[in-house]
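Everything on this sheet refers to the single structure shown next.
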Amino acid sequence: MARQVRVRFAPSPTGEPHVGNIRTALFNWLYARHMGGVFILRIEDTDVARKVEGALEAILASLRWLGLDWDEGPEVGGPYGPYVQSQRLKLYEEAARKLVEGGDAYHCYCSPQRLQEMREEQTRRKQPTGYDRRCRHLDEGERARAKAQGIPPVVRFKMPLDGQTPFDDLIRGEVTFANETQDDFVILKSDGYPTYHLASVVDDHLMEITHVMRADEWLSSTPRHVRLYDALGYEKPLFAHLPIILGPDRSKLSKRHGAVSVLHYRDTGYLPEAMGNFLALLGWSLDDHTEVIPREELIRHFSIERIGKAGAIFSQEKLAWMNGMYIRQMSQEALAGRILPTLEEALPAAVSRPLSGEYVHAITPLVQERLKTLADAPPLMDFFFLEELEYPHEELVQKGLDRDSTRKALEAALGRVAALDAWSAPSLEDVLRPLAGELEMKTGQLFGAIRVAVTGQRAAPPLFETMAVLGRDRCTRRLRAAIERLVSR
RNA sequence: GCCCUCAUCGUCUAGCCGGCCCAGGACGCCACCCUUUCAAGGUGGAGAUCAGGGGUUCGAAUCCCCUUGGGGGCACCA
């Protein structure tokens, strides 16, 4: 039996995770679940300066919102912990020391200023940029002198000077880098923290990660990792570099493209099911026609083989459509349950709380197929809750009618409706539909006037159902108010 | 500048171990139907000489080469 699959999502707590990061998490999670493997969450907080307060919480919240549960990691623990790199510093120091002692790494005393000047000079001369290896060649005396000056050194890894570093990528195939294009990169910073390269290699090994599935931007540093694995005597994991998610301008998706935070989508009324489905389709496909894929199906069918190679633009429009699909698929109960809190939050303060769950439940089927996001609900439903409707009285006057005829029509409608025994959609329709003919106007004209009177809007859910839910009292009051508006200019 | 990488409708993509593809689906867009408005739904349409050029082959979106274009990387950031 093959070894159990162990994959990880390894974000750094530098802000709210964006959709690209989470897509990486999703792919790892799907793969783990598909293979009956283990999904590990590891926090890569080795950059003290970039650490952002609350970022870890945002990461956990994002994953939880999307239903991406981790088998090992923060808050759940596991046999390979701790899962936060700042708590594993000794491990990296030890690895770095071993490398130095074994001749695979060395201390470097070059100042940041010198490195910067070196890079500028290289750029000016249109030379490839990279560390010039000065400290690799220090003799005993120079080394002792630098040490004596008390300069805190960094540790650099000795990349081979010639030859090649090839590796297999599950998505790209074989990728080869010429070693002469590689420089001696830093593995341990002067503050004692490791860089990503060292920390991720050490941890992936210690945590027995079998597949490193990460964003494509890591492809070019993979030869470093390959060399590190070899020097450390570690067995290498399999690599899979995921295509990048792009903004509309085809550059890597970032804040400047607008809404990229996963939590933002949560807060603006997107469903995690829809988000997950949409993200899964960004770089992966099931076949030539399936778009809406339930989570269990995603797990059942997910495979690395069907991950594409080209970057994909994040399409807000398609996400919105997908979200609408999921909203329409929901049960009335479930949807009402999700709408209620957004209403509580977004409706004007004048509307008394708490809102009636029963009432919301009654309205829900009227708006269900009109929602793209949950955030669409409040403006679509507010007239169900407001006491006074605000609208310009001209809205009442439908095309082909004037003030007077509209007023008369509304008066007639009010009369019919007030006399009704049973207040229901069918009975309202029974009495109002014939009225249009009697008034010699089109149904659209009559109904349009009533709609504005009763909802304050030209576009609203079906009239009779709406009136039925609103109730006799509200409807007759609103009809009277509308007539009043037309009388007093 | 150097290294790596990618390339099918505006977008996401299927097809890519060659013929079933003068390229299929979806989003968006446009019509029409349904209809009391708005949606939803239905039907249809526009939209890709498969980046371009060379090969290989009876036959190429599919294989090879080159070019072009895009993207990513080139930190004591991840």
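In what follows, every chain begins at residue 1, and chains take the letters A, B, ... in the order their sequences are listed.
Nearest-nucleotide positions on RNA chain B place A:E317 closer to the 5' end than the other of A:P153 and A:E317. Positionally, the nearest nucleotide of RNA chain B for A:R458 lies more toward the 5' end than for the other of A:D45 and A:R458.
The OH-P distance, from A:Y92 to B:A78, rounds to 11 Å in whole Å. Rounded to a whole Å, the CE atom of A:M159 is 20 Å from the P atom of B:C2. Per the geometry, NE2 belonging to A:H289 stands 13 Å off P belonging to B:C27, to the nearest Å.
Proximity note for A:I313 (side chain, C-beta onward) versus B:C76, B:U11, B:G41: the nearest is B:U11. Nearest to the side-chain atoms of A:R172 among the listed nucleotides B:C6, B:G72, B:C38 stands B:C6. Considering only side-chain atoms of A:K126, the nucleotide from B:G1, B:C77, B:G72 that sits closest is B:G1. Nearest nucleotide to the A:D288 side chain, out of B:A26, B:G24, B:A78: B:G24. Comparing atom distances between the A:K252 side chain and each of B:U11, B:C74, B:G72 picks out B:G72 as nearest.
For A:T46 against A:K189, the heavy-atom pair with the smallest separation is O-NZ, 2.7 Å.
Between B:A23 and B:A61, the distance separating the two P atoms is 11 Å to the nearest Å. Comparing B:U49 with B:C6, their P atoms are spaced 23 Å from each other, to the whole Å.
Pairs of residues two or more places apart, or lying in two chains, that qualify as ring pair (Phe, Tyr, Trp, His ring centres under 6.0 Å) and include a residue from residues 439-461 of chain A are A:F447-A:F464.
Among A:I327, A:V262, A:T373, the single residue meeting the side-chain contact (heavy atoms from CB on, under 4.5 Å) criterion with A:Y270 is A:T373.
In this model, the phosphate group of B:C12 is not approached by any side-chain N or O of A:S285 to a distance below 4.0 Å at OP1 or OP2. Remark: A:R224 is not in phosphate contact with B:A75, judged by side-chain N or O atoms under 4.0 Å from OP1 or OP2. For the OP1/OP2 pair of B:C76 and a distance below 4.0 Å, the side-chain nitrogens and oxygens of A:R156 include at least one atom meeting the criterion.
Both distances falling under 3.5 Å, in either a Watson-Crick or a G-U wobble arrangement, occur for no nucleotide opposite B:A60. In a base pair of the Watson-Crick type (N1 to N3 plus N6-O4 or O6-N4) or a G-U wobble (N1-O2 and O6-N3), with each distance short of 3.5 Å, B:C21 is matched with no nucleotide. Nucleotide B:C74 is matched to B:G1 when pairs are restricted to Watson-Crick or G-U wobble geometry with both distances under 3.5 angstrom.
In this structure, A:K51 pairs ionically with A:D45, as a charged nitrogen and a carboxylate oxygen lie closer than 4.0 Å.
Across all strands, A:G283 comes closer than 4.0 Å only to sugar-phosphate atoms, never to a base (heavy-atom distances).
Between A:D203 atom CG and A:L91 atom CG the span is 7.0 Å, to the nearest 0.5 Å.
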